[in-house]
Each structure stands twice: as structure tokens, then as C-alpha cells.
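All values below were derived from every heavy atom in this structure, side-chain atoms included, with hydrogens, water molecules and symmetry-related copies excluded.
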Amino acid sequence: MEERTNEVNLDEKNIDEEAPSKESRKDKKSKEKVKELEEQVAEWKNKFYQAYADMDNLRKLMEKDHQQMVKYRGQGFLESLLPVLDNFYMAFKVTPTDPTLAAYCKGFEMIYNQMVYTLENEGVKEISPQIGCKFDHNTMQAVDVVEGEQDDVVVQVANKGYLYHERLVRPAMVIVSKIKQEVNNESDDSKLN
């Protein structure tokens, strides 16, 4: 019987020794699984925050585009109206001699002023450079160059320019002066020799 008790004791020892190793393996596996799941949670959390930031940036960009679209909604209309304004401007350069025609011109001038006032209320500004002012390449376009006493001075305004809410719709078309550069024949001859 003693042998049997010893056998039972030995079997219990083996069971006791195996039990902690099984539990430790289970603990290891569960810890690994928890660690793996935590990494996945962190990865998905990061992806969520990235997607959220991308959506927020897209929303801001779309709001900005919408604001720009609303702000400049009338630019196409203004561009189609520019030839009419140019015709008024050209017509006012001529001074009528007939009193009846002068009265009509006065009426057209009043209509033109109303139109300009309305456009100014909508954010349109005329660019009408003064004769004798310095040429500004940001708001003017030189359509011709003539000889003058100074360089880059406006001699004549061919067409007015227009800004629409700080955006250049069309530059003012101007004629500018350029100092005539005299060709010195003597210096050219000395270079040849």
C-alpha cells in the first residue's frame, strides 16, 4: 500500500508541476493576445484620428472655396459688362457741339455714373491711372510705347482697368513713355576698330 501511496503522491506531484506550466502558458498566450489587441486598438485609433483630421481639413477647404465662390460670383457678369463700360468711356472722350446731343450725352453720363456706383457697391473698383503717373505693372498693361522725357510714365489711358474684391479682372490699358536712347555712332565705330 505504501507503494501505491507513493505512486499517488508522485502522480500528484506531476499534476502539480504540470498545472502551473499550463496556467503560465495560458497567461502568456492571453498576455500576448491582449498586447496584440492593444496594438490593433492603437492602430485603429490612429487611423480614426487621421481620417477625422482629413475630413476636418476637407471641410475647411470646401468652406473656403465656397466663400471664394460667393465673393467672386459676379466676376463673369462683370467681364461681359466691361465692353459696355469701355464704350461709355470712349463716348465721353468726344465733346458734342450740338446742344441737343450734349443733353443726351449728359443723360448717358448720369446712367454711366449710376452703373459705376452700383458696381462699386458690389465690390468693383475702377483703375483709372492719371496721365503723368508712374507705370505700375501690377494694375496696368502697356499697349504702346512712345518717346518721352521720362521712362515708364503714363502718357495716355486707352481703357480703364477693374478690380473685383482685390482681384484684378482687367488691367488698365495705357500708353507709356520711354526716353529715346541716342545711338552714338562714334562709340560704335571705335568698337569696330
Visitor: Could Asp54 and Arg59 be called an ion pair, given the rule that one side-chain N must be under 4.0 Å from one carboxylate O?
Guide: no

Visitor: Taking side chain as C-beta onward, heavy atoms only, is Met140 less than 4.5 Å from Pro171?
Guide: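 No - every pair of side-chain heavy atoms lies 4.5 Å or more apart.
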
Visitor: In terms of relative ring orientation, are Phe92 and Tyr112 parallel, tilted or perpendicular, with 30° and 60° separating the classes?
Guide: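 Correct class here is perpendicular.
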
Visitor: Once rounded to the nearest 0.5 Å, what's the spacing between atom OH of Tyr164 and atom CZ of Phe77?
Guide: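 With rounding to 0.5 Å, OH (Tyr164) is 10.0 Å from CZ (Phe77).
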
Visitor: Indicate yes or no: does Lys71 engage Glu166 in a salt bridge with an N to O separation below 4.0 Å.
Guide: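 Salt bridge flag = yes for Glu166 with Lys71.
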
Visitor: Can you tell whether the side chains of Lys28 and Glu32 come within less than 4.0 Å, N to carboxylate O?
Guide: no

Visitor: Could you report the tightest heavy-atom contact between Glu126 and Val116, atom names first, then the distance?
Guide: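 Taking Glu126 first and Val116 second, the nearest heavy atoms are OE2-CG2, 3.7 Å.
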
Visitor: Starting from Ile179, can I reach Val146 by hopping between I/L/V/M/F/W/Y residues whose side chains sit under 4.5 Å apart?
Guide: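 No, Val146 does not connect to Ile179 through the hydrophobic network.
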
Visitor: Give the intermediate values and the outcome of side chain to side chain contact (heavy atoms under 4.5 Å, CB included) for residues Lys33 and Leu37.
Guide: CA-CA 6 Å; Lys33 186 69 172 174; Leu37 291 173; 4.2 Å; yes

Visitor: Measure across Pro96 and Ala102 and return the closest heavy-atom pair with its distance rounded to 0.1 Å.
Guide: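 That would be CG-CA, 3.6 Å.
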
Visitor: I'd like to know if the side chain of Asn113 reaches the main chain of Glu109, judged simply by a donor and an acceptor atom lying under 3.5 Å from each other, with no hydrogens or angles considered.
Guide: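 Pair found, side chain donor or acceptor close to backbone of Glu109.
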
Visitor: State, with a plain yes or no, whether a side-chain heavy atom of Arg170 is found less than 4.5 Å away from one of Asn159.
Guide: yes

Visitor: Take atom NZ in Lys31; do more than 12 heavy atoms of anything else shown fall under 6.0 Å from it?
Guide: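 It does not: Lys31 NZ has 12 such atoms or fewer within range.
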
Visitor: Side-chain contact test, heavy atoms from C-beta onward, threshold under 4.5 Å: evaluate it for Tyr162 versus Leu85 and give yes or no.
Guide: yes

Visitor: Using the side-chain hydrogen bond (donor to acceptor under 3.5 Å, both in side chains) rule, take Glu79 and Gln75 through it: C-alpha gap first, then chi angles, then the decisive distance, then the call.
Guide: CA-CA 6 Å; Glu79 288 172 352; Gln75 186 170 347; 3.3 Å; yes

Visitor: Report whether Phe88 and Val157 are members of the same hydrophobic cluster (ILVMFWY, side-chain heavy atoms less than 4.5 Å apart, transitive linking).
Guide: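 No, Phe88 does not connect to Val157 through the hydrophobic network.
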
Visitor: Show your working on side chain to side chain contact (heavy atoms under 4.5 Å, CB included) between Gln40 and Lys35 and close with a plain yes or no.
Guide: CA-CA 9 Å; Gln40 285 181 359; Lys35 186 177 179 181; over 6 Å; no

Visitor: Counting neighbours of CD on Glu63 that are heavy atoms of other residues, nucleotides or ligands and sit closer than 6.0 Å, is the number greater than 12?
Guide: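 Enclosed.
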
Visitor: Do Gln68 and Arg167 come within less than 4.5 Å of each other through their side chains, counting heavy atoms only?
Guide: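 In contact.
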
Visitor: Can you tell me how far CZ of Phe108 sits from CG of Asn87, rounded to the nearest 0.5 angstrom?
Guide: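 Separation between the atoms: 12.0 Å.
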
Visitor: List in chain and number order the residues that pass side-chain contact (heavy atoms from CB on, under 4.5 Å) with Glu149, two or more places apart in sequence or in another chain; answer none if no residue qualifies.
Guide: none

Visitor: Report whether Leu119 and Ile111 are members of the same hydrophobic cluster (ILVMFWY, side-chain heavy atoms less than 4.5 Å apart, transitive linking).
Guide: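 Leu119 clusters together with Ile111.
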
Visitor: Please answer whether the main-chain N or O of Val155 pairs with a side-chain N or O of Ser177 as donor and acceptor at a distance below 3.5 Å.
Guide: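 It does not hold such a pair.
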
Visitor: Could you tell me whether the side chain of Leu163 reaches within less than 4.5 Å of the side chain of Ile127, counting heavy atoms only?
Guide: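 Of all side-chain heavy-atom pairs linking Leu163 with Ile127, at least one is under 4.5 Å.
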
Visitor: Please confirm whether the backbone N or O of His165 pairs with a side-chain atom of Tyr72, one donor and one acceptor, at under 3.5 Å?
Guide: yes

Visitor: Examine Tyr104 and Val84 and state if one hydrophobic cluster contains both, with Ile, Leu, Val, Met, Phe, Trp and Tyr joined whenever side-chain heavy atoms are less than 4.5 Å apart.
Guide: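 Yes: a chain of side-chain contacts under 4.5 Å links Tyr104 to Val84.
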
Visitor: Within the structure provided, determine whether Phe135 and Val153 are in side-chain contact (heavy-atom separation under 4.5 Å).
Guide: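 Counting from C-beta outward, Phe135 and Val153 never come under 4.5 Å.
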
Visitor: May I ask you to decide if Ile175's main-chain N or O and Asp144's side chain share a donor-acceptor pair within less than 3.5 Å?
Guide: no

Visitor: Going by an N to O cut-off under 4.0 Å, is there a salt bridge joining Lys60 and Asp56?
Guide: yes

Visitor: Taking atom types as modelled and ignoring hydrogens, do the side chains of Asp136 and Thr139 form a donor-acceptor contact shorter than 3.5 angstrom?
Guide: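 Looking only at side-chain atoms, Thr139 and Asp136 do form a donor-acceptor pair, the distance falling under 3.5 Å.
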
Visitor: Are Val124 and Met115 linked, directly or through other ILVMFWY residues, by side chains that come within less than 4.5 angstrom of each other?
Guide: yes

